[in-house]
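Heads up, the thing below is written out as C-alpha cells.
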Number of protein chains: 2
Amino acid sequence: MIAKKDLPVCPVATTVGLIGSKWKLLILQQLLKERKRFNELRRSIDGISQKVLTQNLRAMEADGILVRYAYAEVPPRVEYELSELGNSLRPIISEMDSWGVEYLNTLKDMQEAE
Amino acid sequence: MIAKKDLPVCPVATTVGLIGSKWKLLILQQLLKERKRFNELRRSIDGISQKVLTQNLRAMEADGILVRYAYAEVPPRVEYELSELGNSLRPIISEMDSWGVEYLNTLKDMQEAE
DNA sequence: CAGTATCCCGGATGATACTG
DNA sequence: CAGTATCATCCGGGATACTG
C-alpha cells in the first residue's frame, strides 16, 4: 500500500501554487530588499492597485510567507516583512533577476547591432 | 539626458512578464524534462484545459521560449521543445523544485510530530 | 495612512461542437 | 491527433466612495 506521505506531490507545482503569479513574485522581490509599509510597497510595484495588493498580501500572510505589523498610531502605520519561509524563497527571485539581466543585455546587443 | 538604453527596466519584472504565471511555469517544467507532444503535455499538467494549453504554448512560442514542430502526417503529430532561451530558464525551475522539496519535507515533519 | 465596501465590466476560462 | 470556433460564464480587477 501507499502511505499518504508517499503520494506523488510535485514540488514545482507546490511552489507555483504558493508564489506562481505575477504580483506575488513582484511583492516578494520588493520585500526581499527590506521591510516596507503598505503605500511604499504600492508605489514600488508598477501597475498594482490597492485592492490587488491587499488581496495578495493577505494570501501571502495566510501562507506564512510574510508577517504583518500593524501599529496603533495616528496616522496608522502597517509594515510588511518576509518571514523565514519567505526569505527562503530568495534564490528563486535571484535566479529570475539574473536571467532578466542576461535577457535584457541580449536585447540591447541586438538593438545596437541594427 | 537619459538614453533609451538607460531607462530603468527591472530584470525581475521582465522575467515575470515572460513566465510569471502558473501555467507557463508548469509547461516550462515539463519541457525541461524532454520534448513532448501536445496531448502528452496536456496529460502531464494536472488541470490544464486544451484551450489554455494552446494559448500558453502560442504565447511562449511567440516569445521565443519554445519551438513548435508540426509533422504533416495522419494522424497529425506536433511536438514542442524548448529553445535555447527556454532552456536557459532551467535554474529558475530548478530553484522552485528545491524549494518545494524542502517545503514538503517540513510539512511532512510537522505531520509526523503530531 | 491603510485599509474596507460596492458596483461593475471585460477578459480569461470552461464546455461543447466541429475539422484538417 | 491537435487543434479552431463559438457561446456562456465567472470572477479578477478597476473605479469610486467611505472609515478606523
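Note on naming: letters A, B, ... go to the chains in the order of the sequence lines (proteins, then strands), and numbering restarts at 1 for each one.
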Item checked: Spacing of E40(B) atom CD relative to dG3(D) atom C1', expressed in whole Å -> 17 Å
Item checked: Side-chain N or O of R68(A) closer than 4.0 Å to phosphate OP1/OP2 of dA2(C) -> no
Notebook entry, point to check: Which range-with-range stems can be found for DNA chain D when each stem has 3 or more Watson-Crick or G-U pairs in a row and both distances sit under 3.5 Å?
Noted result: C:1-20 with D:1-20
Check: Under 4.0 angstrom, heavy atoms only, what part of the nucleic acid is Q50(A) near: base, sugar-phosphate, or nothing?
Finding: base
Next item on the list: Identify which nucleotide among dG13(D), dG20(C), dA2(D) has an atom closest to any side-chain atom of V78(B), counting heavy atoms from C-beta outward.
Entry: dA2(D)
Margin query: Would you say S49(A) places a side-chain N or O within less than 4.0 Å of OP1 or OP2 belonging to dG13(D)?
Written below: no
Notebook entry, point to check: For the pair made of NZ in K22(A) and P in dA12(C), what is the distance, rounded to whole Å?
Noted result: 11 Å
Item checked: Nearest-nucleotide pick for R58(B), side chain only, options being dG14(C), dA2(C), dG3(D) -> dG3(D)
Note to self: Tell me whether the side-chain N/O atoms of Y71(A) come closer than 4.0 Å to OP1 or OP2 in dG3(C).
What the structure shows: no
Note to self: If you only use heavy atoms from C-beta on, which nucleotide in dC1(C), dG3(D), dT13(C) is closest to the side chain of N39(A)?
What the structure shows: dC1(C)
Next item on the list: Verify the contact: side-chain N or O of R37(B) to OP1 or OP2 of dA2(D), cut-off strictly under 4.0 Å; return yes or no.
Entry: yes
Item checked: R77(B) to Y69(B) six-membered ring, cation-pi geometry met (6.0 Å, 45°) -> no
Check: Quick one: which of dG14(D), dG14(C), dG3(C) gets closest to the side chain of K51(A)?
Finding: dG14(D)
Notebook entry, point to check: Once you round it to whole Å, what is the distance between P of dA2(C) and NZ of K36(A)?
Noted result: 13 Å
Item checked: Under-4.0 Å side-chain N/O to phosphate OP1/OP2 contact, R42(A) with dA2(C) -> no
